[in-house]
Amino acid sequence: MTSALLPTYARAPLAFERGEGAWLVAESGERYLDFGAGIAVNALGHAHPHLVEALTSQAQKLWHTSNLFQIPEGERLGQRLVDASFADVAFFCNSGAEANEAAIKIARKYHAAAGQPERYRIVTFEGAFHGRTLATLAAGGQQKYIEGFGPKVDGFDQVPFGDHEALLAAIGPETAALMIEPIQGEGGIRSVPPQCLRGLRALCDERGLLLIMDEVQTGVGRTGQLFAHEWAGMAPDILSAAKGIGGGFPLGVCLATREAARGMTAGSHGTTFGGNPLAMAVGNAVLDVVLAEGFLDHVQRIGLVLKQRLAGLKDRYPDIFEDVRGAGLLIGLKLRVPNTDFVAAARAEHLLLIPAGDNVARLLPPLIVTEAEVGAAIERLEAAASRFASGMRRAAE
Ligand SMILES: *Cc1c(COP(=O)(O)O)cnc(C)c1O
């Protein structure tokens, strides 16, 4: 099929017409159980009444004014995020990559403002994904994404995941910050152990470095805390969030302590669209739900149920599944068969999953998913696995 769209995606031959909660309805009328949630974006599922109400009532009043004026809904959302986190200030933008760009700029400016402009380098970790802008690609360090786009943006030093010696060796007099995902998302749901996150915090304090946490995928309740680093009982200096924060409306945020952001003054950074009244209305509505009493407990509880049911499935199909990992409703199924084939097999059972690195299929259901829907997903995974297993038996005969 020819398409007028730049062919940067290998899209499944499937389009959806509407959605409701954890379900998507295709143009054909077929219903799919959505355990991808638009790559962890539809945190509250599809057509959540509170979000629909917030969006439509704001749409009738005011969409956009620019950041040249006060935006009360933005002040309110910023204050709520600050009150609920380690941070003192928030910068709103439209995506994860932009939130990371802001984080990188804040970290570099911190040292420049302290009279050390030579401290601009940022240490990142192999398998990371920080976005598709030129700087965030350099931060992520994945050769296949960087190649062919000219000189790599300077200022990023990457070390192997979990290699303490290499990390220490990479820190020099030019290092400004460390940047890390508490759980690598695109990299295959690889968690940084809590004691390592605390170790990174101590290391940064000792060397005068800033710690940047990329919570674009792990944030906004995905792991059962507002932010995943909270599980480790530590805090970064700068944090980026996006995906779930707008529940499907393009929204990102960079949070920082006042100290880390001290180099940022009027004119030092900006965005035309970021934090506009429409986005802020939806962002506040998402937080209304995520911060409501008991909501994160629900995510934790249902996440445990999902993980236990997946562990049972793995035991029944040891030739298909190798490992179940992740936290809350950010779950990775490491496969022994090609992950993209398995994702296609699940789709044939009307269950949507998302492939990730390290041969993982991700389960990222909307945070409002019910236990019955988890049961339905397990049945569909079982059907996909059993088809794979019988194919493998036939091939062996
Ligand atoms: C998705 C993602 C990004 C990039 O977000 P975009 O909105 O696509 O720019 C950055 N970091 C992490 C951890 C992500 O999962």
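Indexing begins at 1, ligand by ligand and atom by atom, following the structure's order. Just so it is clear, the model here is predicted, and its values are computed rather than measured.
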Contact residues of ligand 1, where a non-hydrogen atom lies under 4.0 Å away: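 If the criterion is a heavy atom under 4.0 Å, then ligand 1 touches S95, G96, A97, N100, F129, H130, G131, E181, D214, V216, Q217, K243.
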Residue pair Y110 / D237, side-chain donor-acceptor N/O under 3.5 Å: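 No - no donor-acceptor pair under 3.5 Å links their side chains.
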[Y] ring center within less than 6.0 Å of [X] ring center:
{"X": "F91", "Y": "H269", "value": "yes"}
{"X": "F86", "Y": "F227", "value": "no"}
{"X": "F321", "Y": "F342", "value": "yes"}

Residues D297 and R301 bridged, charged N to O under 4.0 Å: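 Result for this pair is no, no salt bridge flagged.
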Presence of salt bridge, R262 and D88, under 4.0 angstrom: no
